[in-house]
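All values below come from the heavy atoms of this structure, side chains included, with hydrogens, waters and symmetry mates left out.
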Amino acid sequence: VQLQASGGGLVQTGGSLRLSCAASGRTFSSSVMGWFRQPPGKEREFVAAISWSGGSTYFPDSVRGRFTISRDNAKNTVYLQMNSLKPEDTAVYYCAADRRTRTTYSISYYYTQSTYDYWGQGTLVTVSS
């Protein structure tokens, strides 16, 4: 199983980026997927989660209203659209997936790293001031 994150880069404050996470090795169309990030010198933190159906999403206050998460189950891919980027959004962004299928937990349950079993390699996002 592999999660391949892409789309990172350098962007100015106020700009936008779209990250992609393509999964291979098994289908995740029935699994919750999420994004985390690790700013320089800090611990990894939760960014977004999306239910397996795509009908529910969850964000922390730091990105709510600026970031959206979506998925294309036919492509086994999840996306993170980041708008109005700030320098404090600078981080390595990781996608993650739950190995369980069709879970019924509230999407807010998925804010912790321990709820995910598979991780991508990370893609660097740098927001210049």
Side-chain angles (χ1 to χ4, degrees):
V1 175
Q2 187 175 16
L3 300 179
Q4 183 70 42
S6 62
L10 175 64
V11 64
Q12 291 184 334
T13 297
S16 299
L17 278 177
R18 187 195 195 203
L19 306 184
S20 300
C21 175
S24 60
R26 59 158 280 187
T27 178
F28 288 99
S29 60
S30 298
S31 299
V32 170
M33 298 188 74
W35 288 92
F36 287 75
R37 67 185 181 186
Q38 186 164 18
K42 298 183 179 180
E43 296 190 352
R44 194 175 299 186
E45 61 187 26
F46 171 70
V47 174
I50 186 166
S51 62
W52 56 269
S53 68
S56 297
T57 58
Y58 185 60
F59 306 91
D61 290 344
S62 57
V63 306
R64 187 175 295 119
R66 300 188 297 121
F67 290 12
T68 58
I69 185 172
S70 60
R71 64 190 300 160
D72 184 337
N73 285 337
K75 295 182 178 180
N76 218 19
T77 299
V78 65
Y79 305 97
L80 183 69
Q81 177 66 44
M82 306 184 294
N83 298 327
S84 302
L85 284 163
K86 305 175 181 180
E88 51 263 44
D89 294 319
T90 295
V92 177
Y93 283 71
Y94 299 89
C95 59
D98 184 1
R99 63 176 174 81
R100 297 165 293 185
T101 60
R102 298 183 180 274
T103 54
T104 58
Y105 300 116
S106 168
I107 192 62
S108 61
Y109 172 78
Y110 287 90
Y111 73 97
T112 58
Q113 298 181 56
S114 60
T115 56
Y116 298 89
D117 302 285
Y118 302 108
W119 291 84
Q121 87 290 358
T123 185
L124 177 62
V125 172
T126 303
V127 184
S128 63
S129 57

[X] and [Y]: same hydrophobic cluster, using ILVMFWY side-chain contacts below 4.5 Å?
{"X": "Tyr109", "Y": "Ile50", "answer": "no"}
{"X": "Val78", "Y": "Leu80", "answer": "yes"}
{"X": "Tyr118", "Y": "Tyr111", "answer": "no"}
{"X": "Val63", "Y": "Val11", "answer": "yes"}

What is the distance from atom [atom1] of [X] to atom [atom2] of [Y], rounded to the nearest 0.5 Å?
{"X": "Asn83", "Y": "Leu17", "atom1": "CG", "atom2": "CG", "answer": "9.5 Å"}
{"X": "Phe46", "Y": "Phe59", "atom1": "CZ", "atom2": "CZ", "answer": "8.0 Å"}
{"X": "Asp98", "Y": "Asp117", "atom1": "CG", "atom2": "CG", "answer": "5.5 Å"}
{"X": "Glu88", "Y": "Ser129", "atom1": "CD", "atom2": "OG", "answer": "10.0 Å"}

Could you check whether any side-chain heavy atom of [X] comes within less than 4.5 Å of a side-chain heavy atom of [Y], counting everything from C-beta outward?
{"X": "Phe28", "Y": "Leu3", "value": "yes"}
{"X": "Met82", "Y": "Asp89", "value": "no"}
{"X": "Val92", "Y": "Thr123", "value": "no"}
{"X": "Ser106", "Y": "Tyr58", "value": "no"}
{"X": "Gln4", "Y": "Gln121", "value": "yes"}
{"X": "Ser62", "Y": "Arg37", "value": "yes"}
{"X": "Val32", "Y": "Ile107", "value": "yes"}
{"X": "Tyr116", "Y": "Tyr110", "value": "yes"}

Minimum heavy-atom separation for [X] to [Y], with atom names?
{"X": "Arg71", "Y": "Ser31", "result": "NH1-O, 2.8 Å"}
{"X": "Gln113", "Y": "Phe36", "result": "CG-CE2, 3.6 Å"}
{"X": "Val125", "Y": "Gly8", "result": "CG2-CA, 4.1 Å"}
{"X": "Pro60", "Y": "Val47", "result": "CD-O, 3.0 Å"}
{"X": "Arg66", "Y": "Ser84", "result": "NH1-O, 3.0 Å"}
{"X": "Ile69", "Y": "Gly34", "result": "CD1-CA, 4.4 Å"}

With no hydrogens and no angle check, is any side-chain donor or acceptor of [X] less than 3.5 Å from a backbone partner on [Y]?
{"X": "Thr90", "Y": "Val127", "result": "yes"}
{"X": "Asn73", "Y": "Trp52", "result": "yes"}
{"X": "Asn76", "Y": "Ala23", "result": "yes"}
{"X": "Thr27", "Y": "Ser29", "result": "yes"}
{"X": "Ser20", "Y": "Tyr79", "result": "no"}

Point to revise | Residues Asp61, Arg64: salt bridge by 4.0 Å N-O rule | key: yes
Point to revise | Mutual orientation of the aromatic rings belonging to Phe67 and Tyr93 [parallel < 30°, tilted 30-60°, perpendicular > 60°] | key: tilted
